[in-house]
Structure formats: C-alpha cells, structure tokens
Amino acid sequence: MNVEPHTALKLLRAFSRIEFALKQIPEFVNGAVGETPDTQWSAFYVHVRRHIQNQLPQENKDLLLGTGPNDPPPMKMQVSAQRRIEFVDAPLGDGLEGDRLMDAARRVRNNLVHGGKEHARQQRYPGHDDKLARAAIDVMFLAMASHPEVSQLAFYD
C-alpha cells in the first residue's frame with residue numbers, strides 16, 4: 001500500500017494498542033496455557049459494532065465497504081497455486097455493517113504490513129491507499145472508545 005509515513009505509523013499504533021488491550025481481557029483471548037494467545041476479534045465485534053456503524057462517517061463506510069463508485073473493498077491476502085502470496089478482490093460478506101467495517105479495517109492493516117509497497121501510480125486513484133488507511137484508523141479509535149475496559153487499557157497516555 002502506498003500510504004503516507006505518518007498515516008502508516010498512526011494505523012500501526014492504533015492496532016498495536018487495541019491488540020494489547022484485547023489480550024489483557026480474558027473474553028477476547030483464545031489459546032491454551034503456554035501457547036501464544038490469539039485475539040478473538042469476533043467476540044470484540046459484539047461490543048463495538050453498533051457504535052462504529054452509528055459514528056463512522058458515510059464517506060469512510062463507502063470507502064471501506066466498497067460501496068463508492070469504482071471502489072471495491074480492500075483486497076484480501078491469500079496463497080496462490082504457486083505457493084506465493086497474492087492479493088485478490090474479495091467481498092466482505094453479508095454480516096452486520098459494524099462487523100464488516102472492522103473486517104475491512106483489519107484488512108487494510110494486514111495489507112499495509114504484508115502487502116506490496118506499490119508505486120503511487122498503482123493505486124486505484126491518487127491518495128486512495130492513504131484514504132483507506134485513515135478510514136481504518138477511525139474504525140480502530142471508535143472501537144477502542146466504545147468499550148470502557150479496552151479504552152482504559154489502550155489510551156494509557
């Protein structure tokens with residue numbers, strides 16, 4: 001993804017804070033004793049979906065959900081037949097809007113971290129990737145703010 005450095009840093013910071021907070025709350029952790037914990041995002045969605053759906057500006061919803069003109073949702077990473085990583089267009093499913101917005105924000109983060117570092121001319125349109133990242137940041141901050149315990153853990157400064 002071609003994202004401004006300050007936007008990339010803000011997105012990664014938001015995700016690191018929310019992941020830290022979620023892994024401090026047993027309800028949002030999966031894993032056996034002695035194993036590396038997995039974050040149970042779907043358990044968290046139940047608590048934040050309505051707030052995100054109601055508070056996120058429509059422009060950001062359209063961008064993340066792919067409902068804008070000529071704007072599919074963020075691509076999904078998968079393994080190709082040649083055992084290489086590829087990014088493909090993939091619908092977000094038919095779930096609740098707040099859940100799909102969280103899924104899209106997580107895809108943006110994954111694409112930033114694991115994806116190609118394309119040249120600006122490879123974007124759908126100038127500034128597209130940065131807009132996606134900023135919309136994902138908004139989703140993460142809304143999610144953190146809508147759960148009191150996560151908010152307290154995530155906003156520690």
Side-chain angles (χ1 to χ4, degrees), residues 1-25 28-29 36-68 71-78 85-93 95-157:
M1 291 187 77
N2 193 338
V3 175
E4 294 293 329
H6 65 278
T7 304
L9 183 59
K10 192 171 182 179
L11 178 61
L12 295 174
R13 188 170 189 233
F15 265 92
S16 67
R17 284 181 169 215
I18 199 168
E19 287 254 18
F20 166 79
L22 292 175
K23 287 181 178 174
Q24 304 306 306
I25 303 169
F28 305 131
V29 176
T36 302
D38 288 321
T39 304
Q40 292 302 300
W41 286 98
S42 58
F44 182 57
Y45 287 11
V46 173
H47 298 276
V48 301
R49 62 174 59 121
R50 181 169 284 135
H51 184 73
I52 293 167
Q53 182 176 327
N54 293 338
Q55 298 299 317
L56 191 69
Q58 189 62 48
E59 179 182 354
N60 287 351
K61 288 181 185 181
D62 291 343
L63 188 62
L64 288 167
L65 298 177
T67 54
D71 234 359
M75 297 180 121
K76 179 181 175 185
M77 182 174 56
Q78 69 180 23
I85 300 299
E86 65 183 3
F87 290 84
V88 297
D89 288 326
L92 289 164
L96 298 169
E97 183 180 66
D99 294 1
R100 290 182 293 132
L101 289 164
M102 284 290 294
D103 284 343
R106 290 175 58 210
R107 269 191 199 178
V108 170
R109 179 251 176 224
N110 290 343
N111 292 351
L112 176 64
V113 173
H114 304 293
K117 310 303 180 235
E118 294 90 358
H119 189 278
R121 289 181 287 203
Q122 291 176 301
Q123 297 184 80
R124 295 185 197 284
Y125 54 82
H128 177 260
D129 289 350
D130 205 65
K131 287 179 183 180
L132 272 175
R134 283 187 271 126
I137 292 165
D138 288 349
V139 169
M140 288 299 102
F141 277 101
L142 285 170
M144 284 185 268
S146 66
H147 188 282
E149 193 173 359
V150 170
S151 180
Q152 183 180 16
L153 289 164
F155 295 116
Y156 53 84
D157 59 352

| Of the non-hydrogen atoms in V3 and A8, which two are nearest, and what is the gap between them? | CG1-N, 3.6 Å

| request: To the nearest 0.5 angstrom, please state how far the CD atom of E19 sits from the CZ atom of R109. | output: 6.5 Å

| query | L65 versus E97: any side-chain heavy-atom pair under 4.5 Å? | reply | yes

| message | For the CD atom on E59, are there more than 12 heavy atoms of other groups (residues, nucleotides or ligands in this structure) within a distance under 6.0 Å? | response | no

| request: Go through the structure and list residues passing ring pair (Phe, Tyr, Trp, His ring centres under 6.0 Å) with Y45, not counting sequence neighbours. | output: none

Would you give me the side-chain donor-acceptor pairs under 3.5 Å for residues 51-58, sequence neighbours excluded?
unit_1, atom_1, unit_2, atom_2, d
N54, ND2, R50, O, 3.3
Q58, NE2, D62, OD1, 2.9

| request: Would you check if I18 and W41 make a side-chain contact, meaning some heavy-atom pair closer than 4.5 Å? | output: yes

| task | Report the distance from atom CG of L132 to atom CG of N60, rounding to the nearest 0.5 Å. | result | 9.5 Å

| note | Rounded to the nearest 0.5 Å, the OG atom of S146 sits from the CZ atom of F141 at a distance of 13.0 Å

| request: Heavy atoms only: give me the nearest A143-M102 pair and the separation to one decimal. | output: CB-SD, 3.9 Å

| field | Electrostatic pair R134-D130, nearest N-O below 4.0 angstrom | value | yes

| query | Hey, what do you get for OG1 (T7) to NZ (K131), rounding to the nearest 0.5 Å? | reply | 12.5 Å

| field | Closest approach of A135 to L63 (non-hydrogen atoms, all atoms of both residues) | value | CB-CD2, 4.3 Å

| task | Apply the test side chain to side chain contact (heavy atoms under 4.5 Å, CB included) to residues V108 and L64: give CA-CA distance (whole Å), side-chain angles for both, the deciding distance (0.1 Å), then the verdict. | result | CA-CA 9 Å; V108 170; L64 288 167; 4.0 Å; yes

| task | Please name the pair of heavy atoms, one in M144 and one in A14, separated by the smallest distance, quoted to 0.1 Å. | result | CE-O, 3.8 Å

| query | How long is the gap from CG on L153 to NE2 on H147, to the nearest 0.5 Å? | reply | 9.5 Å

| message | Any side-chain to backbone donor/acceptor pair from R49 onto D99? Under 3.5 Å, distance only. | response | no

| note | Here the gap from D38 atom CG to L22 atom CG, rounded to the nearest 0.5 Å, amounts to 12.5 Å

| field | Within 6.0 angstrom of K76 NZ, more than 12 heavy atoms from elsewhere | value | no

| task | Compare every heavy atom of L92 with every heavy atom of R107, then report the nearest pair and how far apart it is. | result | CZ-CD2, 3.6 Å

| remark: Residues H47 and A43: closest non-hydrogen pair is CD2-O, 3.3 Å

